[in-house]
Amino acid sequence: MVKISETMKIINLSEQNSVMNHFMAEIRDKNYQKNRITFRHNVERIGEMMAFELSKTLDYKPKTIKTPLGTIDIPLIKEENMVIATVLRAGLPFHQGFLNVFDGADSAFVSAFRMYLNREHTEVGIHAEYIATPSVKGKTLLIVDPMLATGGSMAAAIEALLQAGEPKAIHVCCIIAAPEGIEVVKEALPDDATIWCAAIDQGMNEQKYIVPGFGDCGDLCFGEKLQSFRKIADK
Ligand code: PRP
Ligand code: URA
């Protein structure tokens with residue numbers, strides 16, 4: 001059993017019962033998974049709810065709003081400088097959920113995917129190809145990717161995004177995390193970063209899928225992709 005960090009803030013939303021349990025039950029349920037649009041929609045809704053929870057931790061300052069009948073001071077989020085980064089492909093519906101809440105945020109995209117390094121599919125490497133990002137210097141950076149399994153994709157995304165400046169704050173957001181992935185990502189993050197998840201599962205199977213997890217998030221959202229492990233394994 002991998003020990004989870006005591007120092008970094010790790011917020012596991014499943015520690016409190018909420019309607020999110022229903023969305024989690026549906027995305028984990030292999031019968032519901034047959035309906036791709038329902039699956040993507042639930043991923044998006046979990047993104048929206050996580051964004052709402054995260055919004056409670058941001059800084060606010062009051063702004064005077066004029067209604068047709070008078071004025072009212074409403075505390076609004078102070079930081080308008082937010083960048084929401086995601087990892088293609090499975091990150092897309094989750095990212096959309098965050099954007100539905102933080103609609104003024106800029107976006108960044110990292111193309112990274114897991115590739116098996118052997119024929120037994122027990123060793124995983126990360127193939128990172130492309131990044132499109134604004135400067136993240138001085139900004140609140142949210143890196144959102146539904147699965148944190150080995151942590152390799154998230155670590156690659158963090159490394160690539162931090163080339164674009166030093167953010168004011170970093171939040172790593174996922175739906176399901178494996179304890180091993182949390183440890184890897186923790187090493188790649190400053191101590192004041194926060195990891196958010198909707199569940200921490202028991203670990204990974206031999207093929208590095210989270211158990212019980214829900215399976216391959218990219219495939220469930222968009223259909224199976226070809227495995228290009230041979231290219232590397234044959235070298
Ligand atoms: C999934 C997921 C993460 C990654 C997590 O993407 O979206 O990016 O796996 O696994 P890791 O922690 O072991 O790196 P995947 O590589 O399956 O690509 P896809 O989204 O294109 O299907
Ligand atoms: N990526 C997924 O989509 N699912 C897992 O369980 C692990 C990595």
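The figures that follow rest on heavy atoms only: side chains count, while hydrogens, waters and symmetry mates do not. Numbering of ligands and ligand atoms starts at 1, following listing order.
Side-chain N/O atoms of His95 and Ser107 include a donor and acceptor closer than 3.5 Å. When only modelled atom types and interatomic distance are considered, Asn100 and Gln96 share a side-chain donor-acceptor pair under 3.5 Å.
If you number the atoms of ligand 1 from 1 as listed, the ones under 4.0 Å from a heavy atom of Ile126 come out as 14 (O). Each of the following atoms of ligand 2 lies closer than 4.0 Å to a heavy atom of Lys208: 7 (C).
The protein does not reach atom 6 (O) of ligand 1 closely, with no heavy atom under 4.0 angstrom from it.
At under 3.5 Å, a nitrogen or oxygen of Gly151, whether backbone or side chain, sits near a nitrogen or oxygen of ligand 1. For ligand 1, one of its N or O atoms has an N or O atom of Thr150 under 3.5 Å away. Polar contact check, Ala112 against ligand 1: no nitrogen or oxygen pair lies under 3.5 Å apart. For Ala149, a nitrogen or oxygen atom sits less than 3.5 Å from a nitrogen or oxygen atom of ligand 1, counting backbone and side chain alike.
Ranked by closest heavy atom to atom 1 (N) of ligand 2, the top entry among Arg89, Met147, Met204 is Met147.
In this view, Asn42 and Phe23, Glu26, Ile27, Thr38, Arg45 satisfy the side chain to side chain contact (heavy atoms under 4.5 Å, CB included) rule, not counting sequence neighbours.
Ligand 1 is never approached by Met154 to a heavy-atom distance shorter than 4.0 Å. Not a single heavy atom of Gly91 sits under 4.0 Å from any atom of ligand 1.
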